[in-house]
Amino acid sequence: MKIKYQSLTGMHDVLPQEQAYFKKIQKTVESVSNYYSFEKIETPILEFTEVFQKAVGDDTDIVGKEMYTFRTKGGDMVSLRPEGTAGVMRSYLEHGMHNLPQPVKLWYTGPFFRYERPQAGRFRQFHQFGFEAIGDSSPSIDGQIIQMSYDVLKELGFKNLTIEVNSIGDSECRPYFRKILMGYLKSKRSSLCSDCQRRLKENPLRILDCKEEKCQRVKAGAPQVIDHLCEACHAHFKEVLEFLDELELPYTLNPYLVRGLDYYTKTVFEIVDKTKPEGSADDPETAVGTLIGGGRYDNLSKMLGGRDVPGCGSAAGIERIVALMKSREMKTSFSKDAVSGPPKIFLAQLGQLAKRKSMKLFEEFRSAKIPVAESFSKDSLKTQLRTANKLNIKWVLIFGQKEALEDFITLRDMDTGIQKEIKLDKVVEEMSRLTGKEKIKK
Ligand code: AMP
């Protein structure tokens, strides 16, 4: 008998046998978020259409073609959210979160909606989780967001990940690059797909994002934004890469990575699984594409009519992750010995090199499941020690210039004021012993 009703095209049920995958992802995201002091936020599934028009951009595919938009009985134009960042920023502004200590670090998960052509890894209702750090322009935040995104996939069991990174500049340097790119693309107009011929007028940068083979060929000869960054964007990108080097993250520069949303500035990145699916490389069952995408969005707040607030974040496609986990029969069990309890250690740092190295150390503590508080975005040692005091933390690890150069760290007992030096490669081991003891033996 033919079934009368089916789910809508591109929409699917998450059946009981799939729940274990969703649960494992949710718990992993929660555990990484907790460690990095990101707090959960939930925003409504419906927002005023204008929120997405202003933030994501009217001429993007997501807003221009893919939004579920309708007028309510009361006459408001509203849309099902196609992505998470715009709503989170709207909430930050609406609730005056600039009055909180910055950056405000948030994570979310839930359903999102895009009227896309359904194909492998592309649905009309799908789930994402995402991280947002709002209110801090430092490159260390970009490093932290990339590290956390990578951590989740790694913890889920993905082994062959690559992080593609690029900088797309800001309102200072992008207009000039746009002109140069426009000149090049105009000379190749007839070799572009029809969509891109239209994009040429509206947003030439997006042509670099087009997956059509014709356009890929044109892209291969296009000028690269990275050669045309202003001094500030160049310095920012250099520092982000230095963080990624120090964190030993597997990244490659992709000079044509632009990402399809208007709010991005400076750093953009995507995390891809490089494992070739069994059989053909193009097996539609397993070729799911990018797992996580993100970047910096320093103009978003102003685009929404708010004050000048920088931000950086990422979003992951849960169905894509589940598809790969299933096809590879990856484990859905969740380790019970998650990091728990309030931190007994505070990691303070002074200077750029120390900041980079302390982020690496922080990750090592996370792997060892020892809770540690940090304040990577604060530069003065005094402020950091004050924070440690407020948190009632006994052990402070101080990572200064000298320490960073000579690979040791200074441990301070906040109760007695006694300090001692520990070699960097012994810190995690020593601290895991010490956090049970009362005083430092000299
Ligand atoms: P975006 O918001 O476009 O940067 O997407 C972030 C991530 O969400 C992508 O890397 C994908 O993993 C996932 N994603 C985006 N669109 C879809 C879709 N239509 N269906 C399933 N996953 C998607």
Side-chain angles (χ1 to χ4, degrees), residues 7-14 18 21-22 25 29 43 45 47 51-52 55-57 60-68 79-89 107-132 145-146 148-150 152-153 156 158 161-166 168 203 205-206 208-211 254 257-265 267-274 284-297 300 311-327:
S7 59
L8 297 175
T9 306
M11 303 210 171
H12 64 101
D13 305 309
V14 182
E18 289 175 308
Y21 295 97
F22 279 76
I25 295 168
V29 176
T43 62
I45 284 167
E47 296 271 355
V51 171
F52 303 114
V56 180
T60 59
D61 282 354
I62 294 178
V63 169
K65 296 188 193 162
E66 297 168 1
M67 272 205 310
Y68 287 86
S79 297
L80 288 174
R81 60 185 186 184
E83 61 88 59
T85 307
V88 171
M89 183 57 100
W107 72 276
Y108 61 81
T109 183
F112 293 85
F113 305 84
R114 293 183 194 173
Y115 196 80
E116 294 206 63
R117 193 165 60 81
Q119 49 186 301
R122 258 177 216 291
F123 301 95
R124 290 182 176 170
Q125 174 171 343
F126 55 98
H127 296 80
Q128 287 189 335
F129 67 81
F131 303 116
E132 313 289 357
I145 292 284
I146 296 174
M148 290 173 70
S149 308
Y150 180 77
V152 172
L153 294 178
L156 289 172
F158 288 89
L161 301 166
T162 297
I163 303 161
E164 299 192 356
V165 272
N166 193 22
I168 55 166
N203 200 337
L205 234 80
R206 198 139 300 127
L208 302 178
D209 219 8
C210 181
K211 302 285 177 282
N254 176 352
L257 182 68
V258 287
R259 302 192 39 73
L261 306 115
D262 274 4
Y263 54 60
Y264 284 116
T265 48
T267 319
V268 287
F269 75 93
E270 287 187 351
I271 307 186
V272 231
D273 183 279
K274 285 287 183 197
E285 287 302 314
T286 41
V288 295
T290 303
L291 298 178
I292 301 188
R296 184 158 272 289
Y297 45 83
L300 174 57
C312 187
S314 68
I318 296 183
E319 276 78 1
R320 293 189 185 186
I321 296 174
V322 170
L324 283 183
M325 287 178 75
K326 271 185 177 168
S327 72

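Just so you know, these numbers use all the heavy atoms, side chains as well, and skip hydrogens, waters and symmetry mates. Read the numbers this way: they start at 1 and go in the same order the structure lists the ligands and their atoms.
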J.: Out of Pro82, Gly121, Ala315, whose heavy atom is nearest to atom 21 (C) of ligand 1?
T.: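 Ranked by closest heavy atom to atom 21 (C) of ligand 1, first place is Gly121.
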J.: Which of the numbered atoms in ligand 1 are below 4.0 angstrom from a heavy atom of Glu116?
T.: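 Here the atoms of ligand 1 in question are 16 (N), 17 (C), 18 (C), 19 (N).
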J.: Polar contacts were defined as any N/O atom of the residue lying under 3.5 Å from an N/O atom of the ligand; does this apply to Gly317 and ligand 1?
T.: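 By distance alone, the answer is yes.
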J.: Can you check whether Asp209's main-chain N or O pairs, donor with acceptor, with Lys211's side chain at less than 3.5 Å?
T.: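 Checked: pair present.
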J.: Under 4.0 Å, heavy-atom basis, I'd like to know which part of Arg259 is in contact with ligand 1: side chain, backbone, both or neither.
T.: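 Looking at Arg259 and ligand 1, just side chain atoms fall under 4.0 Å.
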J.: Below 3.5 Å, N or O to N or O, backbone or side chain included: is there any such pair between Phe123 and ligand 1?
T.: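 By distance alone, the answer is yes.
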J.: First locate atom OH of Tyr264, then atom CG of Asn166, and finally report the distance between them rounded to the nearest 0.5 Å.
T.: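 Reported value, rounded in 0.5 Å steps: 13.0 Å.
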J.: Going by the order shown, which atoms of ligand 1 are within less than 4.0 Å of some heavy atom of Leu291?
T.: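 Those qualifying, in numeric order: 10 (O), 12 (O).
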J.: Output yes when the distance from some N or O of ligand 1 to some N or O of Glu83 is under 3.5 Å, and no in every other case.
T.: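 No, since none of the N or O atoms of Glu83 sits under 3.5 Å from an N or O of ligand 1.
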J.: Is the contact between Arg124 and ligand 1 made by the side chain, the backbone, both, or neither, using heavy atoms and a 4.0 Å cut-off?
T.: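 Neither part.
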J.: Output the distance between atom CD (Glu319) and atom CZ (Phe112), rounded to the nearest 0.5 Å.
T.: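 CZ of Phe112 is found 11.0 Å from CD of Glu319.
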J.: Pick one of side chain, backbone, both or neither for how Phe126 approaches ligand 1, counting any non-hydrogen atom pair under 4.0 Å.
T.: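 The side chain, only.
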J.: Which residue from Arg122, Arg320, Arg117 reaches closest to atom 11 (C) of ligand 1 through any of its heavy atoms?
T.: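 Minimum heavy-atom distance to atom 11 (C) of ligand 1 goes to Arg320.
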J.: Hey, is OH on Tyr68 packed in by over 12 heavy atoms from elsewhere, all under 6.0 Å?
T.: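 Count over threshold, so yes.
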J.: Mark up the atoms of ligand 1 that fall under 4.0 Å of a heavy atom belonging to Thr290, in ascending order.
T.: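 Selected atoms, number and element: 9 (C), 10 (O), 11 (C), 12 (O).
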J.: Donor-acceptor pair, distance only, cut-off 3.5 Å: does the side chain of Thr109 make one with the backbone of Gln128?
T.: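 Flag set: sc Thr109 to bb Gln128 pair under 3.5 Å.
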J.: Is a side-chain donor-acceptor pair under 3.5 Å present for Gln125 with His12?
T.: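 Gln125 and His12 do not have a side-chain donor-acceptor pair below 3.5 Å.
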J.: Quick one: does Arg124's side chain have a donor or acceptor within less than 3.5 Å of a partner on Met11's backbone?
T.: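 It does not hold such a pair.
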J.: Say you draw a straight line from OG1 of Thr60 to CD of Glu66; how long is it, rounded to the nearest 0.5 Å?
T.: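 Interatomic distance, Thr60 OG1 to Glu66 CD, rounded to 0.5 Å: 8.0 Å.
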J.: Tell me whether Arg114 contacts the main-chain N or O of Pro82 through its side chain, where contact means a donor paired with an acceptor under 3.5 Å.
T.: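 Yes, the answer is positive, given that a donor and an acceptor are paired below the 3.5 Å cut-off.
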J.: I want to know if ligand 1 touches Gln128 in the polar sense, i.e. an N/O pair below 3.5 angstrom.
T.: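 Yes, Gln128 has an N/O under 3.5 Å of an N/O on ligand 1.
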J.: Is there any N or O on Arg114 that sits under 3.5 Å from an N or O of ligand 1?
T.: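 Min N/O separation from ligand 1 is below 3.5 Å for Arg114.
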